Amino acid sequence: MKNILLFLILLISNFGFCQTPSDKYDYFVQYNGNALAKKVNFDQIVHHPFLTELKKEPTDFGSPEFSALFKLDQTASIVGNFTDSIPYYRISIPIKNRENIKQFLIKNQQKKQVSDSLAKYEIQDFPNYSLFTSSNERFSMAWNDGYLVIFEFTKKFSEVDQKAILDQAAMTVDSAAVEPPTEIVEEIAVDSTASENTVESDAFFANDSNYDTEYQNRKIAFDSIQKTNQIAFLKSLFENGFVMPTSTKVNPKADISSWVNYGGVLSNLTSAFGSLSKINTYGKYFPFQQGFGSFIKGVNFDFYFDNDNARIEEIVEYSESVAAILGKVNNRKINKKIFDYFPEKEPLAFLSYHFDSEEMLKNVPQLTSEIFANAYISKEDFSMVTDLISTIVDEKATATLFDGDLSLFLQDIQNKAVKTKVTEYDDNFEATTVEKTVNKSVPLFSMIFTSTHPTFGDKLIQLGLRKKLLIQKENYYEILGDSTYGKFFILKDQDVIVISNSYENLKNNKSEFAKELKKELKRNYFTSKLNIKKAIETYSDVEKTTSKSNETFTKVTSKFKDMVVLSPKKITDNKLLVEFRLNTVETDKNVMLQTLDLLKEITKK
């Protein structure tokens, strides 16, 4: 009898656990069809030969059908929440015709029932909207004359959650008659404290011979109640006239704009490791979402598709105090002497990163305080630690070990004879390691950085010479040891240190490439580039690739020129921009059409 009462309370308690989602979003993705429509004709995309060829395969949903159902030149969105007690996602898409959506769903479900006779669906028509539910789909859909909404509560059944309810129910049964709760339960506590009165519920879980059946019944009840609440909320969106969700955090000028609550992501991760943190004595000292959530407010990803490029702009919004620190750290005055050792011509790929290491070290205490601001460590303890760091570390002197200039270059790929160790087996299957000289394709690269410390670099070189790790050759040194990637060399010219596996890269140059790159580095603290055409051609020549691979490479290089990543020094409104750009060879056709053209050519039989 008591088990039945416990189970009834479980059902009653669940009725209210997911009533109304919060208006707060943890992520917001917005497709700006009106912006993209100005750049490309959607009919050219959905009727592109590559996509129509795919339609020949057995798919439920082809691109022409998609364009016939939805208004691709209007705004659509995906929003959701994963930090509140009622996690969910919601997709809103503008449609052309209410009846067309209904007929498409009927056709689609009839196909599914051919292979799954147990699959059941229902479409209900109301005056202002229609509603779709299916026995084999967790989500529900509703639509009116203008919009289709796909909606789902994403909370999964948890035995731990249900056991917490049953523990409370057992206490109620033991102390008084069972009465249905009068208040809506909005959240089920996962980490409720064990009680002396849980013996009965433990027995219910562990000793009941029908445990598996009871578990399945509880799960079915949970899913059924969640589906009921899900449908009720979806109806409420349309009964008084549907309104598209909006947010000031997304960019309406981007083709696709998205925003993520960074603190919310960390909060979700923290809850996933919540049990571990409770048994770990040191768990409370880690910052988790409280510190980082205030450190970074949110992250935007904006997508643009133009004729000459496709690009992603990542925009990170920091707290005001952290943004002020980064503004100083990123605004480094570059040591001009490094440009003397830049390649004479543009390399296959490069990366150049410059930050003020002294400013970074100066602000480590404040950054640490920002991160741990809400952790379980007292301000007095923080103050003592940060003061100790400031006392021990001489920021100005330490920063001279590495000033903050770092540049990497991939100049070439060449076949070289290199010594490498291989394992061989004799007739008795005994392994021996031998050194052999083999021909191998080796990337030729150089790394350049600066160190203004008056003695540190020279002392390291002298130590290397004494320990037979280096051997001097003219004005540079050869690094002795493994030669899998050829011989390595190091050169020190006052404040500049160059490391390379080609002594040709140690030459002092006055290159045109360096002059061009200087202009970029004045604006950006980080700049990198991959020359797609040059890199692929060089690799093909060295590796002697097959004719089919060469054909594919040629098609790729005929469409895409290079890939660039850069980040400006300037921080505006506490936001730091990182841009990823893929540049195309052609400029008279949208990059989306060019990509489809390429896929059509590559997959052509």
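The chain is numbered in sequence order, starting from 1. Keep in mind the model is a prediction, meaning the values are calculated, not measured. Note that these values count all heavy atoms, side chains included, but never hydrogens, waters or copies made by symmetry.
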Side chains of [X] and [Y]: do they bring a donor and an acceptor to under 3.5 Å?
| X | Y | answer |
| --- | --- | --- |
| Asn108 | Gln110 | no |
| Ser407 | Ser352 | yes |
| Thr557 | Glu537 | no |
| Asp412 | Gln414 | yes |

In this structure, is the centre-to-centre distance between the rings of [Y] and [X] below 6.0 Å?
| X | Y | answer |
| --- | --- | --- |
| Phe355 | Tyr353 | yes |
| Tyr27 | Tyr262 | no |
| Phe139 | Phe151 | no |

Criterion ring pair (Phe, Tyr, Trp, His ring centres under 6.0 Å) against Phe409, the qualifying member of Tyr341, Phe342, Phe445
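With Phe409 as partner, Tyr341, Phe342, Phe445 yield a single ring pair (Phe, Tyr, Trp, His ring centres under 6.0 Å), made by Phe342.
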Consider side-chain contact (heavy atoms from CB on, under 4.5 Å). Of Val498, Asp495, Ile497, which one does Phe449 pass it with?
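So the option named by the test is Ile497.
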With a 3.5 Å distance limit and no angle check, can you tell me whether [X] reaches the backbone of [Y] through a side-chain donor-acceptor pair?
| X | Y | answer |
| --- | --- | --- |
| Asp403 | Asp405 | no |
| Asn331 | Gly327 | no |
| Asp356 | Glu358 | yes |
| Asn300 | Lys249 | yes |
| Thr527 | Leu566 | no |

Side chain proximity check, [X] to [Y], heavy atoms < 4.5 angstrom:
| X | Y | result |
| --- | --- | --- |
| Arg90 | Pro245 | yes |
| Leu582 | Phe560 | yes |
| Tyr318 | Leu576 | yes |

Closest heavy-atom contact between Ala254 and Asp302?
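For Ala254 versus Asp302, the nearest heavy atoms are CB-CB, 3.8 Å.
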If you draw the axis of the six-membered ring of Tyr485, does the NZ or CZ of Lys440 fall within 45° of it and under 6.0 Å from the ring centre?
yes
For Phe513 and Phe350, take the angle between the two ring planes, folded into 0 to 90°, and tell me which bin it lands in: parallel under 30, tilted 30 to 60, perpendicular over 60.
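Perpendicular, since the angle between the ring planes exceeds 60°.
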Please work out which of the three classes, parallel, tilted or perpendicular, describes the rings of Tyr503 and Tyr476, given edges at 30° and 60°.
parallel
Residue pair Phe489, Ile479: steps toward the side chain to side chain contact (heavy atoms under 4.5 Å, CB included) verdict
CA-CA 6 Å; Phe489 308 95; Ile479 302 174; over 6 Å; no
Are Trp259 and Val299 close enough, and set up right, to give a side chain to side chain contact (heavy atoms under 4.5 Å, CB included), and what steps lead you there?
CA-CA 6 Å; Trp259 174 85; Val299 181; over 6 Å; no
